[in-house]
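Beneath this line is the structure, given in structure tokens, with notes to follow.
Start at 1 and go down the list; that is how both ligands and their atoms are numbered.
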Amino acid sequence: MNLPYGDKKTVKFITNVGLITSNGPHGHDITPVEWTHQISYKPGLIAICLNDSHAAYENVSKTEEFGVNLCTVDQSRLSSIAGHVSGKEYDKIAALKELGFEFYNAKKIKVMMVKGAAVNIECKAIKKIKLGDHVTFVGEVVEASNNAGKEPLAYHKGRYWAMDRTIEKPSQEEREKMKQIVEQHKK
Ligand SMILES: Cc1cc2nc3c(=O)[nH]c(=O)nc-3n(C[C@H](O)[C@H](O)[C@H](O)COP(=O)(O)O)c2cc1C
């Protein structure tokens, strides 16, 4: 069965917004991608799922490299702008620079990276897999840096969220009780 865009079940997921930077037939581009996931520690691998109508898809297909810049809570406007027009028709990076957002040249690949993102990760694509209506690119991490104090944005129910409430851990007493019950079910 299908799980359509915007469906009540689809929007229950909580995702990051990876600002995917690329450079290829459409020039330098930036595309928000909520389907951005770390899928391996050793080596570091990141999967991004792109619709094949996007400029980012054509750029990454051609050059086999992309930047992952995790959007912060103070970059939601950047994501909105980059997510509503295509690099096939607009130079989004030039427009965003004029709006005050800053970029720098990636160290190991030929793309621009977003200054002040929660993390900046440079990837070389090692796999391209067509799955349903999106194409998954798996990127091997070749360079990564963390920006201390920059909080990633969450995406949920079609809106941007800040992660500023943690759920309290159970008390020691409650934990002991749960442990006892789990132990009774040891195989
Ligand atoms: C918050 C947000 C998340 C998005 N997530 C994805 C995604 O996971 N995959 C995808 O293909 N498009 C996603 N999009 C849509 C693209 O970012 C959008 O169509 C963009 O304009 C394509 O730009 P491009 O043609 O320059 O690559 C998302 C858009 C927004 C605003």
Side-chain angles (χ1 to χ4, degrees), residues 2-39 45-99 101 103 106 109-114 116-125 127-139 141 150-163:
N2 296 339
L3 272 180
Y5 174 77
D7 183 273
K8 280 185 184 151
K9 296 174 284 294
T10 324
V11 299
K12 286 281 175 79
F13 286 91
I14 303 172
T15 55
N16 278 118
V17 177
L19 298 168
I20 305 306
T21 45
S22 60
N23 180 19
H26 300 288
H28 283 284
D29 191 35
I30 178 160
T31 305
V33 171
E34 62 158 322
W35 291 343
T36 297
H37 305 279
Q38 176 168 358
I39 57 165
L45 297 177
I46 311 271
I48 59 166
C49 303
L50 290 175
N51 191 287
D52 65 9
S53 64
H54 296 340
Y57 167 82
E58 286 175 18
N59 275 358
V60 177
S61 294
K62 178 85 184 154
T63 61
E64 298 182 332
E65 52 186 33
F66 58 90
V68 177
N69 307 266
L70 280 194
C71 191
T72 64
V73 290
D74 52 4
Q75 292 170 332
S76 64
R77 282 160 182 74
L78 189 164
S79 174
S80 296
I81 295 162
H84 288 99
V85 290
S86 174
K88 290 182 179 177
E89 295 166 87
Y90 294 86
D91 183 343
K92 292 189 247 180
I93 294 196
L96 289 163
K97 277 184 184 167
E98 197 170 326
L99 286 162
F101 294 102
F103 295 84
I109 56 176
K110 293 186 183 74
V111 307
M112 308 292 288
M113 301 297 284
V114 181
V119 290
N120 297 102
I121 302 173
E122 301 176 21
C123 293
K124 294 262 191 201
K127 264 205 162 62
K128 178 181 175 183
I129 314 155
K130 169 94 176 137
L131 294 166
D133 52 23
H134 279 59
V135 176
T136 299
F137 289 93
V138 177
V141 177
K150 291 287 185 182
E151 291 300 320
L153 185 73
Y155 191 62
H156 174 60
K157 293 188 184 161
R159 303 218 36 189
Y160 300 121
W161 299 75
M163 306 280 297

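Contacts of Val33 with ligand 1, taken as heavy-atom pairs under 4.0 Å, involve both backbone and side chain. Neither the backbone nor the side chain of His26 comes within contact range of ligand 1; no heavy atom lies under 4.0 Å. With a heavy-atom cut-off of 4.0 Å, Cys49 touches ligand 1 through its backbone alone. Neither the backbone nor the side chain of Ser80 has a heavy atom within less than 4.0 Å of ligand 1. Of the heavy atoms in Val85, only backbone atoms (N, CA, C, O) come closer than 4.0 Å to ligand 1.
When each atom of ligand 1 is checked for a heavy atom of Tyr160 under 4.0 Å away, the hits are 1 (C), 31 (C). Per-residue contacts place Ala55 under 4.0 angstrom from the following atoms of ligand 1 (heavy atoms of the residue considered): 24 (P), 25 (O), 26 (O), 27 (O).
Residues Tyr155 and Leu153 fail the side-chain proximity criterion, which asks for heavy atoms closer than 4.5 Å.
Residue contacts with ligand 1 include His134, since one of its heavy atoms falls under 4.0 Å from the ligand. In this structure, Tyr57 has no heavy atom closer than 4.0 Å to ligand 1.
Residue-to-ligand polar distances place Asp29 within reach of ligand 1: an N/O pair is separated by less than 3.5 Å.
Nearest protein heavy-atom contact of atom 23 (O) of ligand 1 is Lys92 NZ, 3.0 Å. The shortest contact between atom 11 (O) of ligand 1 and any protein heavy atom is with Asn51 N, 2.9 Å. At the shortest separation from atom 27 (O) of ligand 1 among protein heavy atoms lies Thr31 OG1, 2.8 Å. Of all protein heavy atoms, the one lying nearest to atom 12 (N) of ligand 1 is His54 NE2, 3.1 Å.
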(message) Using the rule given for side-chain hydrogen bond (donor to acceptor under 3.5 Å, both in side chains), can you reason through Asn69 versus Thr21, listing the C-alpha separation, both sets of side-chain angles and the distance that settles it, and then say yes or no?
(response) CA-CA 8 Å; Asn69 307 266; Thr21 45; 3.2 Å; yes

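If you check each of Pro32, Gly18, Gly83 against atom 28 (C) of ligand 1, the one with the closest non-hydrogen atom is Pro32. Nearest to atom 3 (C) of ligand 1 by heavy atom, out of Glu89, Arg159, Glu34, is Glu34.
Contacts of Ile39 classified as side chain to side chain contact (heavy atoms under 4.5 Å, CB included), with partners at least two apart in sequence or in another chain: His37, Leu45, Ala47, Val138. Take Glu122 and apply the salt bridge (charged side-chain N to carboxylate O under 4.0 Å, His left out) test, not counting sequence neighbours, and it matches no residue.
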